[in-house]
Amino acid sequence: MRSNPGYHPGTVTRHSSPDTIAQVARALHATSHQLILIPTRGGLHRGHIGLIDTAARVPGSILVVTSLSSDNSHLDQIEHDVEVLQSLSGCPPLFFAPAWETLFPHGLRTLVTPQDPTVAVPSPPGLAESLTMHAALLSLLRPARMFVGERDFYQLVTLRHLVKDLSLPTAVTGVTTLRDSNGMAISREHTDPRMAPALALSAALVAGAHAVRDGAAGVLAAAEAVLASEPGLSHQQVVLTNYDLGPAPAEGDARLLVSACLADGTYCHDNIGLLLGTSQE
């Protein structure tokens, strides 16, 4: 058995050791190719495939899809994920799925915690853990670019802050959220019946978009009314920000972020870009 699985274009090469994937990444950095990181928590779905397809269009790119979650639930999805990747045209050649304790043998004794007083919205649960995980992957692989979905808009913005503030040589690219026919953002669990109340989040975004002529107050009121009408949600939150998570402008580009919890405590969130002061029709 090879000590390092290596890199084999045209097929999916799985790595579980940080040392071996780092060796391959260093070797690829010496070529004319650029490494693109696509981080996931495992259980690849259509949303991830959209990310992969978008990243694969970058000329001269070599994709590294990673799968990692703190509870190691991603390990149960490895065979499924490899099958999904292998089925794609021009399949990503590198798949890195280590056990959490392999990447963090001392646990999370160091955390990346945002401290930006201009951010106008509370951080989502688990943000510091997620940013620390991403920082570790960026440090290990040193990719030229990282592609992430806009559904996690708060995380997208803070990842851009992270690479800028820590002078990491990576550009963070946001990819438009892929939605189902009912408007719900595609995720690993979006078709689960227990997620039905979360449909109100995408409905709230639509209501807010139709109220842009009424300014920020009208947008917030419209979205809040939709969330309040869904009895299966609690801890609803509606926030309007600029594209850097600061206070929204009176007119111009803004981001509407909505979140709530299901009866079992599951945190749900979604967002949409708006142009305040104009009609979205």
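Residues: numbered from 1 along the sequence shown. Values reported hereafter were calculated over all heavy atoms of this structure, with side chains retained and with hydrogens, waters and symmetry mates removed.
Note that CG of D152 is 4.5 Å distant from NE2 of H269, once rounded to the nearest 0.5 Å. In this structure, OG on S202 lies 12.0 Å from CG on N271, to the nearest 0.5 angstrom. Rounding to the nearest 0.5 Å gives a distance of 11.5 Å between CD of E83 and CG of L44. How far NE2 of H33 is from CG of L63: 12.5 Å, rounded to the nearest 0.5 Å. Put simply, OH on Y267 and NE2 on H235 are 12.0 Å apart, with the number rounded to the nearest 0.5 Å. To the nearest 0.5 angstrom, R160 atom CZ is 12.0 Å from K164 atom NZ.
With hydrogens and angles disregarded, no donor-acceptor distance shorter than 3.5 Å links the side chain of D180 to the backbone of N182. Panel note: side chain T11, backbone H8; no donor-acceptor pair is recorded below 3.5 Å. Here the side chain of T102 pairs no donor or acceptor atom with the backbone of P98 at under 3.5 angstrom. The closest donor-acceptor contact from the side chain of T158 to the backbone of Y154 lies under 3.5 Å. The backbone N or O of R151 lies less than 3.5 Å from a partner atom in the side chain of T177, making a donor-acceptor pair.
No hydrogens or angles considered: nothing links the side chains of Q77 and S67 as a donor-acceptor pair under 3.5 Å. Remark: the D19 side chain and the S17 side chain contain no N/O donor-acceptor pair separated by less than 3.5 Å. Side chain to side chain, H48 and T40 fail the donor-acceptor criterion of an N or O pair below 3.5 Å. A donor and an acceptor atom, one from each side chain of R194 and T266, are located under 3.5 Å apart. Side chains of Q236 and S259: a donor-acceptor N/O pair is absent below 3.5 angstrom, by distance only. No donor-acceptor contact under 3.5 angstrom links the side chains of D81 and H74, judged on distance only.
With a 4.5 Å cut-off on side-chain heavy atoms, I186 and R179 do not count as touching. For the pair Q34 and I62, the minimum side-chain heavy-atom distance is 4.5 Å or more. Contact check for V24 versus H15: side-chain heavy atoms found under the 4.5 Å cut-off. Taking the side chain as every heavy atom from C-beta outward, S70 and E129 approach each other to under 4.5 Å. V121 is listed as a side-chain neighbour of V119, based on a closest heavy-atom distance under 4.5 Å. The side-chain heavy atoms of N72 and E101, taken from C-beta on, include a pair separated by under 4.5 Å. The shortest distance between side-chain heavy atoms of Q155 and P124 does not fall below 4.5 Å. Looking at L37 and R145, their side chains never come closer than 4.5 Å, going by heavy atoms from C-beta outward.
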Pair I36-V64, side-chain contact (heavy atoms from CB on, under 4.5 Å): steps then yes or no: CA-CA 6 Å; I36 295 182; V64 183; over 6 Å; no

Can you list the steps and then say if I52 with F147 is a side-chain contact (heavy atoms from CB on, under 4.5 Å)? CA-CA 8 Å; I52 293 168; F147 279 60; over 6 Å; no

Report the C-alpha distance between V148 and L51 in whole Å, list the side-chain angles of each, state the deciding distance to 0.1 Å, and finish with yes or no for side-chain contact (heavy atoms from CB on, under 4.5 Å). CA-CA 7 Å; V148 294; L51 277 174; 5.6 Å; no

Going through the checks in order, is the side-chain contact (heavy atoms from CB on, under 4.5 Å) test met by L257 and R255? CA-CA 6 Å; L257 292 85; R255 202 82 187 183; 4.0 Å; yes

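In plain terms, the two heavy atoms of P249 and N242 that are nearest each other are CD-CB, 4.2 Å. Heavy-atom minimum distance, H29 versus L141: NE2-O, 2.8 Å. Counting all heavy atoms, side chain and backbone alike, A207 lies closest to A222 at O-CB, 3.6 Å. Looking at every heavy atom in both residues, L199 comes nearest to M184 through N-CE, 3.5 Å. In terms of heavy-atom proximity, V12 sits nearest to F95 at CG1-CB, 3.8 Å. Between T241 and A120, the closest heavy-atom pair is CG2-CB, 4.5 Å.
Judged by the 6.0 Å distance and 45° axis criteria, R14 is not positioned over the aromatic ring of F96.
I49 is connected to V82 through a chain of hydrophobic side-chain contacts under 4.5 Å among Ile, Leu, Val, Met, Phe, Trp and Tyr, so both are in one cluster. Note: the hydrophobic cluster containing L220 also contains I272 (ILVMFWY, side chain heavy atoms under 4.5 Å, direct or indirect links). Both M195 and L201 belong to a single network of hydrophobic side chains, linked directly or stepwise wherever heavy atoms of I, L, V, M, F, W or Y lie under 4.5 Å apart. Note on L68: it does not cluster hydrophobically with I38, by side-chain heavy-atom contacts below 4.5 Å among ILVMFWY residues. In terms of hydrophobic clustering, with Ile, Leu, Val, Met, Phe, Trp and Tyr side chains grouped at heavy-atom distances under 4.5 Å, V65 and L140 are assigned to different clusters.
Screening T170, L159, V163, V172 against H134 for a side chain to side chain contact (heavy atoms under 4.5 Å, CB included) leaves a single residue, L159. Residue L256 forms a side chain to side chain contact (heavy atoms under 4.5 Å, CB included) with just one option from D270, L240, L276, and that option is L240.
The side-chain contact (heavy atoms from CB on, under 4.5 Å) check on A135 picks up V112, L162, with sequence neighbours excluded.
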